[in-house]
Amino acid sequence: MSVAFHQRLLHSPLIHERAHVPKGRVCCLAATTTEPRPNPTELAIELRPLTAPAPLTSPARPVLDDPSLKSTWGHRAWLACGCTTVLVALAKSVVASCESHVWAEPILAGAVGYVLADLGSGVYHWGIDNYGDASTPVFGAQIEAFQGHHKWPWTITRRQAANNLHSLARAVAFAMGPIDVICSDPTMLGFAAVCSGCIMFSQQFHSWAHSTKSKLPPPVVALQYLGVLVSRSQHAAHHRAPYNNNYCIVSGVWNEFLDDRKVFEALEMVLFFKFGLRPRSWSEPSSEWTEDDEEDWHQVEA
């Protein structure tokens with residue numbers, strides 16, 4: 001009976017149907033291909049150079065009665081030229097406004113110039129704090145000076161006014177001279193005069209932000225309190241780790257906006273991925289960025 005069952009099973013149409021499965025329905029779990037695989041030695045790898053931040057050099061320790069902090073007649077001459085070009089533009093704006101009886105536009109333009117000067121001071125300050133070194137063309141001396149400023153920030157309060165302002169005054173004189181000659185529009189002159197004047201004196205505002213209230217004139221203290229000029233309490237955050245915020249030094253009105261929205265961090269990422277430039281703020285603060293106390297310096301000098 002068992003043999004008869006097996007014979008019927010072998011001749012069953014089910015078995016024959018399974019034996020003739022259409023070729024299109026056969027599935028293979030392992031597949032091979034005749035196409036050549038790429039040779040690993042032929043893969044092209046693009047290597048982009050990475051520019052590391054310039055190392056901070058050790059600036060010379062300041063000394064009492066340092067002659068480099070004093071003004072020369074050349075410094076005073078450039079400051080006088082810068083102030084003259086600003087005052088000429090301001091005077092021409094006032095005269096033209098009187099003749100045309102138009103006051104709102106020049107005043108508004110001056111306010112815009114004041115606000116943009118603070119933004120410009122922040123962008124410039126961020127740039128020289130994070131990129132370049134003493135050998136950088138044009139800006140090398142200022143980069144080196146700002147590196148020393150982070151080590152001994154209080155020395156800016158000992159720097160005489162013309163010494164502190166002459167570099168910006170020279171730039172303002174060259175920029176404003178042609179404007180004074182060519183332009184006669186009161187609105188444009190008002191904007192240029194206020195903006196350039198605030199930029200030129202931004203280093204003085206910076207110096208006041210490092211001074212104690214007892215050493216400042218009462219009007220300056222009042223302007224700092226009102227937020228017209230950057231205050232010591234606001235700028236002090238820039239001199240604390242991680243040293244990557246509060247860059248604006250005219251009024252500081254842009255600092256909160258730029259820092260909360262991480263504008264400078266976004267710019268650093270763009271420069272890094274586009275050009276391979278790594279900012280100094282990405283590195284761990286070294287001893288060159290650690291502030292030396294003024295009292296300790298006096299003890300060393302004594």
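Only this structure's heavy atoms are used, side chains among them; waters, hydrogens and symmetry mates stay out. Heads up: numbering here begins at 1 and tracks the sequence.
- Using cut-offs of 30° and 60° for the angle between ring planes, the His206 and His210 rings count as tilted.
- With Asp118 contributing its side chain and Trp254 its backbone, the two residues share a donor-acceptor pair below 3.5 Å.
- Judged by distance alone, the side chain of Ser121 and the main-chain N or O of Cys248 form no donor-acceptor pair under 3.5 Å.
- With respect to Trp126, the ring pair (Phe, Tyr, Trp, His ring centres under 6.0 Å) criterion is satisfied by exactly one of Tyr131, Tyr243, Phe146: Tyr131.
- Put simply, the side chain of Ser93 does not reach to within 4.5 Å of the side chain of Met188, judged on heavy atoms.
- Looking only at side-chain heavy atoms (C-beta outward), Asn246 and Asp259 come within less than 4.5 Å of each other.
- Val138 and Tyr124 fall within the same hydrophobic cluster, defined by Ile, Leu, Val, Met, Phe, Trp and Tyr side-chain heavy atoms under 4.5 Å apart, directly or through other members.
- Considering every non-hydrogen atom in both Gly132 and Arg280, the closest pair reads O-NH1, 2.7 Å.
- In this structure, the separation between CG on Leu277 and CH2 on Trp282 is 10.0 Å, given to the nearest 0.5 Å.
- Distance OH/Tyr247 to CD1/Ile128: 10.5 Å, rounded to 0.5 Å.
- In Gln160, the CD atom is crowded: over 12 heavy atoms of neighbouring residues, nucleotides or ligands sit closer than 6.0 Å.
- Side chain of Ser97 to backbone of Val102: a donor-acceptor contact under 3.5 angstrom is found.
- The side-chain heavy atoms of Phe264 and Val123, taken from C-beta on, include a pair separated by under 4.5 Å.
- Judged by distance alone, the side chains of His238 and His125 do bring a donor and an acceptor atom under 3.5 Å apart.
- In plain terms, the two heavy atoms of Val221 and Leu216 that are nearest each other are CG2-CB, 3.7 Å.
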- Item | Pair Phe174-Thr85, side-chain contact (heavy atoms from CB on, under 4.5 Å): steps then yes or no | CA-CA 9 Å; Phe174 282 117; Thr85 56; over 6 Å; no
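- How far CG of Asp129 is from NE2 of His149: 8.5 Å, rounded to the nearest 0.5 Å.
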Using the side-chain hydrogen bond (donor to acceptor under 3.5 Å, both in side chains) rule, take Glu268 and Ser281 through it: C-alpha gap first, then chi angles, then the decisive distance, then the call.
CA-CA 9 Å; Glu268 290 165 0; Ser281 62; 3.2 Å; yes
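- Taken to the nearest 0.5 Å, the OG atom of Ser184 stands 7.0 Å off from the CG atom of Leu189.
- Using a 4.5 Å heavy-atom cutoff, the side chains of Ile249 and Phe205 are not in contact.
- Taken to the nearest 0.5 Å, the OG atom of Ser196 stands 7.5 Å off from the CD1 atom of Ile179.
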Run the side-chain contact (heavy atoms from CB on, under 4.5 Å) check on Leu165 and Trp78 step by step: do they pass? CA-CA 9 Å; Leu165 303 178; Trp78 278 118; over 6 Å; no
| request: Give the intermediate values and the outcome of side-chain contact (heavy atoms from CB on, under 4.5 Å) for residues Glu105 and Leu108. | output: CA-CA 5 Å; Glu105 288 84 350; Leu108 181 60; 5.8 Å; no
Just do the side-chain contact (heavy atoms from CB on, under 4.5 Å) check on Gln234 and Asn255 with the steps written out, would you? CA-CA 9 Å; Gln234 185 184 57; Asn255 282 327; 3.7 Å; yes
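- Across all non-hydrogen atoms, the minimal contact from Asp180 to Ala89 is OD1-CB, 3.2 Å.
- Taking the side chain as every heavy atom from C-beta outward, Cys98 and His101 never approach each other to under 4.5 Å.
- In this structure, Arg76 contributes its side chain and Asn163 its backbone to no donor-acceptor pair below 3.5 Å.
- Using a 4.5 Å cut-off on side-chain heavy atoms (C-beta onward), Ile199 and Cys195 make contact.
- Cluster annotation: Val115 and Met200 are assigned to the same hydrophobic cluster (Ile/Leu/Val/Met/Phe/Trp/Tyr, side-chain heavy-atom contacts under 4.5 Å, transitive).
- With contacts defined as side-chain heavy-atom distances shorter than 4.5 Å, the pair Leu223/Trp208 does not qualify.
- Side-chain atoms of Gln203 never come within 3.5 Å of backbone atoms of Leu168 as a donor-acceptor pair (strictly under, hydrogens ignored).
- Judged purely by atom type and a 3.5 angstrom limit, Ser100 uses its side chain to pair as donor or acceptor with the backbone of Ala96.
- Minimum interatomic distance between Cys183 and Lys92 (heavy atoms only, all atoms of both residues): O-NZ, 2.8 Å.
- Between the side chain of Asn164 and the backbone N or O of Arg159 there is no donor-acceptor pair closer than 3.5 Å.
- Ser202 approaches Val250 most closely through the heavy-atom pair CB-CG2, 3.8 Å.
- Within the 3.5 Å criterion, the main-chain N or O of Ala236 finds no donor-acceptor partner in the side chain of His239.
- Remark: Trp154 CH2 to Lys151 NZ distance equals 11.0 Å, nearest 0.5 Å.
- By the 4.5 Å heavy-atom criterion applied to side chains, Val230 and Gln224 are not counted as neighbours.
- Phe272 and Met269 end up in the same hydrophobic cluster when Ile, Leu, Val, Met, Phe, Trp and Tyr side chains are linked at under 4.5 Å.
- Summarising the geometry of Tyr114 relative to Val228, their closest heavy-atom pair is OH-O, 2.7 Å, with the distance given to 0.1 Å.
- With hydrogens and angles disregarded, no donor-acceptor distance shorter than 3.5 Å links the side chain of Ser231 to the backbone of Gly227.
- Linking Ile, Leu, Val, Met, Phe, Trp and Tyr residues whenever their side-chain heavy atoms come within less than 4.5 Å leaves Val194 and Val94 in two separate clusters.
- The hydrophobic cluster containing Leu90 does not contain Val88, counting ILVMFWY residues as joined when their side-chain heavy atoms lie under 4.5 angstrom apart, directly or transitively.
- No side-chain donor-acceptor contact under 3.5 Å links Thr136 to the backbone of Phe139.
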